[in-house]
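Below: one structure, written as structure tokens.
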Amino acid sequence: MAPRPRRRRHKKPRSSVASMVETPVPLTLSKPGPSIDALGFHSLETNVPGLSQLILQKLNMKSYEEYKLVIDGGTPVSDFGFRCPQEMFQKMEDTFRFCAYCKALPSGLSDSKVLRHCKRCRNVYYCGPECQRSDWPAHRRVCQELRLVAVDRLMEWLLVTGDFVLPSGHWLWPTEIVQGWDTWFSMRRLQLDATLDAVLGSHAMTTLWASVGRPRPDPDVLKGSLKRLLTDALSRPLTLGLGLRALGINVKKTGGSTIHVVGASHVETFLTRPGDYDELGYMFPGHLGFRVIMVGVDVAAGFSQSTSVSPLEPGTVQLSGHRGLYHNFWEEQVQTGQTAHPDLVVAFHPGKSHWFRKILGGSSGSFPSSLLYL
């Protein structure tokens, strides 16, 4: 159940697994730290010079800081917005319009050249046959996968609008039987089939494909895309559950269990709702509460909530976040008793293991015995 972060926003019906959300508190950084999201945005210039500015231009923004302000829920300074879905999808597509081989943007093309997408995947563009032929040895290895990516990046809009509600509910099979996505899909088959059929036949689906300016794919392709979006959304809570199970952590101890997710990004926390982690609770019937704290310098502003040590109610899943570096969070929150000591610490990102051991090794106090690097 390897995680693949996605931005999303969806409405969920009231769940039988209660989710506790505390009143948001003002967001503060423990100490200034590097912004991974900002570095990633500006690194676009390394691959495609001028692309970051093109993205800001399509959004009617002047700087990355204004862009980050908006996605954190702030009020834009400039005239940000779209008049209709068609304009939004067109501007989103415009950010992909550069030659995949020579990296030329539309503004850098001569009058005799025009960007045309690959007819197979519809996900990359070329400024002419020469560039397309030159890139084919590399592109042929990923063309089929990029065709699916082109569908997924449009279909995830249904998560943003809330028109695709993730299936949820008590597990019908014992936890130890569900070892991966194959068995999870088998367990949820009847509920999932009904959910996917309803989305495929919805007005929202019809409106989506009428707005994007390209043919609507076959039902099997759309259903496969919805399943991939579903695994994106549920991979993290289920992976946390597998970690708890693999390490034999007692989830029925008095006061509940605490999990720290280290290096959490903006993508992981922006528009995440408490109900998104209900599946973690369903994985452990009779658990006495889970407190999941996401720590990272790019944790979304609106996601930051109190990380108090108040007792958890049995059966609840509490999500909260801390914006800052983990070793600062450990020294300022955990060691001082303001936040519960973790039963499990998880780092999803590659390369975190050496870094994580280093920051813990440089701090004082007792550390969790259960560390999971993914």
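Just so it is clear, the structure is predicted and the values come from calculations on it, not from any experiment.
The closest donor-acceptor contact from the side chain of Arg245 to the backbone of Met283 lies at 3.5 Å or more, if one exists at all. Of the possible polar contacts, one joining the Ser202 side chain to the Val199 backbone as a donor-acceptor pair under 3.5 Å is found. Between the side chain of Gln179 and the backbone N or O of Glu176, at least one donor-acceptor pair lies under 3.5 Å. With hydrogens and angles disregarded, a donor-acceptor distance shorter than 3.5 Å links the side chain of Arg141 to the backbone of Pro137. In terms of modelled atom types and a separation under 3.5 Å, the side chain of Arg188 and the main chain of Gly169 share a donor-acceptor contact.
Atoms CH2 and OG1, from Trp184 and Thr231 in turn, are 9.0 Å apart once rounded to the nearest 0.5 Å. Taking CZ of Phe185 as the reference point, atom CG of Asp193 lies at 10.5 Å (rounded to 0.5 Å). The line from OG1 of Thr336 to CD of Glu331 is 10.5 Å long, rounded to the nearest 0.5 Å. For the atom pair CD of Glu156 and OG1 of Thr161, the computed distance is 11.0 Å after rounding to the nearest 0.5 Å. Atom CD1 of Ile249 sits about 4.5 Å away from atom CG of Leu344, to the nearest 0.5 Å. Between the CD atom of Gln132 and the SG atom of Cys118 there is a distance of 6.0 Å, given to the nearest 0.5 Å.
A single hydrophobic cluster is not seen to contain both Leu196 and Leu148; linkage of ILVMFWY side chains at heavy-atom distances under 4.5 Å, directly or through other members, places them apart. Note: the hydrophobic cluster containing Val160 also contains Leu158 (ILVMFWY, side chain heavy atoms under 4.5 Å, direct or indirect links). No continuous path of hydrophobic side-chain contacts links Trp136 to Tyr125 [ILVMFWY only; heavy atoms under 4.5 Å]. A chain of hydrophobic side-chain contacts below 4.5 Å, direct or via other Ile, Leu, Val, Met, Phe, Trp or Tyr residues, connects Val142 to Tyr101. Leu288 and Val251 fall into different hydrophobic clusters, defined by Ile, Leu, Val, Met, Phe, Trp and Tyr side-chain heavy atoms under 4.5 Å apart, directly or through other members.
Residues Val334 and Pro342 meet the side-chain proximity criterion, which asks for heavy atoms closer than 4.5 Å. No side-chain heavy atom of Arg236 sits under 4.5 Å from any side-chain heavy atom of Asp276. Between Met155 and Pro217 there is no side-chain heavy-atom pair separated by less than 4.5 Å. Annotation: side chain of Ser168 is not in contact with side chain of Leu166 (no heavy-atom distance under 4.5 Å). The shortest distance between side-chain heavy atoms of Thr175 and Pro285 falls below 4.5 Å. A heavy-atom distance below 4.5 Å is found between the side chains of Ser235 and Trp181. Here the side chains of Trp209 and Leu154 are in contact, with some heavy-atom distance below 4.5 Å. Between Trp330 and His341, some side-chain heavy-atom pair lies under the 4.5 Å cut-off.
Among His139, Glu145, Arg153, Arg147, the one residue that satisfies the side chain to side chain donor-acceptor pair (under 3.5 Å) test with Asn123 is Arg153. When each of Thr258, Thr339, Thr316 is tested with Arg291 by the rule side chain to side chain donor-acceptor pair (under 3.5 Å), just one qualifies, namely Thr258.
Closest approach of Thr269 to Ser265, counting heavy atoms only: OG1-O, 3.0 Å. Of all the heavy atoms in Leu280 and Pro237, the pair that sits closest is CD1-O, 3.6 Å. Taking each heavy atom of Cys143 and Cys121 in turn, the nearest pair found is O-CB, 3.3 Å. The two residues Asp135 and Ala100 have their closest heavy-atom pair at OD2-CB, 4.1 Å. Taking both residues in full, the closest heavy atoms of Thr195 and Pro167 are given as OG1-CB, 4.2 Å, listed atom of the first, atom of the second, then distance. Asp343 and Gly256 make their closest contact through OD2-O, 4.2 Å (heavy atoms, listed as atom of the first residue, atom of the second, distance).
Surrounding CZ of Arg216 are more than 12 heavy atoms belonging to other residues, nucleotides or ligands, all under 6.0 Å away. Around CZ of Arg120, the count of heavy atoms belonging to other residues, nucleotides or ligands within 6.0 Å does not exceed 12. Counted within 6.0 Å of NZ on Lys253, heavy atoms from surrounding residues, nucleotides or ligands total more than 12; the atom is thus considered enclosed. Asn250 CG: more than 12 foreign heavy atoms inside a 6.0 Å radius.
Using cut-offs of 30° and 60° on the angle between ring planes, the pair Phe329 and His322 is tilted.
For Arg97 and Glu93, the salt-bridge test fails: no basic side-chain N is under 4.0 Å from an acidic carboxylate O.
Two rings, from Phe290 and Phe284, have their centers less than 6.0 Å apart.
Judged as a side-chain hydrogen bond (donor to acceptor under 3.5 Å, both in side chains), and not counting sequence neighbours, the contacts of Ser225 are Asp152. By the salt bridge (Lys or Arg N to Asp or Glu O under 4.0 Å) test, Asp197 pairs with Lys223, sequence neighbours left out. For Arg133, the salt bridge (Lys or Arg N to Asp or Glu O under 4.0 Å) test picks out no residue, with sequence neighbours left out.
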